Amino acid sequence: MPIWGYDGAVPGPIIRGRKGGTIRVRFRNELDQPTSIHWHGIRIENSMDGVAGLTQPAVEPGDTFDYVFTVPDAGTYWYHAHNRSWEQVERGLYGALIVDEAEPAFAPAQDVTLVLDDWRVSPSGRIDEGFGDMGDWSHGGRLGNWLTINGATRPDIPLAAGRTSRVRLINAANARILELDLESLGATVVAYDGQPLAAPEALAYNPFLLGPGQRMDLLVTPGAPGTLALIEMSGDPFAFGQFVVTPADDQEAEAPALLPNLLPEPDLANAVEFDLDMAGGMMGRMTGAIVDGRYLEGEELFASRQVWAFNGVAGLSPEPFFGVERGTSVILNVTNDTAFPHAMHVHGHHFRIVARSDSEIDHRPWRDTFLIGPTQTTRIAFVADNPGKWLFHCHMLEHQAAGMKTWFEVT
Ligand SMILES: [Cu+2]
């Protein structure tokens, strides 16, 4: 199937670095439209964040751009197009970015990276060309009909029996929240969105929701040779890949926790709070929004293609949602006043989820993307310690394109 790919392949090459090291990518745009690359989850220098129109001009066809940045945290990250991402990512412009620990806590039998994607394929076996469909944009985004793992359909993934392997899952889909049956793998979780947990944890629920942009790292220790299916549970459950477990000659001791990255803890007692109201979409209550400085409603709003808004504003406004000085602890109270779930991504920072709809959360892993259901409120906290202009948006790429984005500034 014809795709757009970094180095011509989907996913693009795994870019691998070491914690504290420098990544250098000379990017040449051979598309016939402008583009840029975002390094998702990296607490990166602002000028390298790759958000066309906010942190850099889009790279024009035929032009090059050198991305050079430090990777402060070990873990599982990814990179993808960040201009017309609703088309460019859907056509295949994404890949894994893996940062290894400076001194690994353990050596897994295998270190497996699985980039999961949900494609909309036409009956002719091509990418469905219905990009920009307002039905998708105003509902749940462009949902597909074909799942792939590392660009392959129902692949076999070899694993060794009796030994512990690390499996990194990345959801690169435009809009699909994957509902994964991970219980049957007997897996434990060691990291979310790149950041290690203090200790390996059993899965709290099944199926496990992995939203667009989110990652999770698993430790899998298959007991015996055989097969372990990777199952998607939404609708009628089906396997979209399987681990093929083969005997290993030796056994090994239980894997220890990963080494933590060092992130600053938000000071909740002295944090500055901001409220974000998410509105719009079909079956929502939003009647109008500010688009490019003008209040629009009804058919005029729909014709603008900006049908979602944060605090009444669709798309990026000249003024930031908030601005704080570097080092400020920030709490965001995000309320989803729409009829759809969303996957909210903060650029340049990881945060902790401290409460959901008035329930305090005790378990607070670092994340860079969180799922929020209809009518839910989610309270997140982080130290705004990375100077620059940072996007905060829905990672359902059609929602982002249709207004679900804002930005904040750290000075
Ligand atoms: Cu959304």
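Since the structure is predicted, the reported quantities are computational estimates derived from the model, not experimental observations. As the structure lists them, so they are numbered: ligands from 1, and atoms in each ligand from 1.
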Tell me if the CG atom of Asp66 is crowded by more than 12 foreign heavy atoms within 6.0 Å. yes

For Ser36, does its backbone N or O pair with a side-chain atom of Asn83 as donor and acceptor, under 3.5 Å? no

Mind checking whether the Cu ion (ligand 1) has an N, O or S of His395 under 2.8 Å? no

Is it the case that over 12 heavy atoms from other parts of the model lie below 6.0 angstrom from the CZ atom of Arg16? yes

Angle subtended at the Cu ion (ligand 1) by His342 ND1 and Cys394 SG, to the nearest 10 degrees, is 130°

Take Trp390 and Asp49 through the test side-chain contact (heavy atoms from CB on, under 4.5 Å) and record every step on the way to the result. CA-CA 8 Å; Trp390 301 106; Asp49 198 41; 3.6 Å; yes

If you check every N/O/S atom of His399, which is the one nearest the Cu ion (ligand 1)? ND1

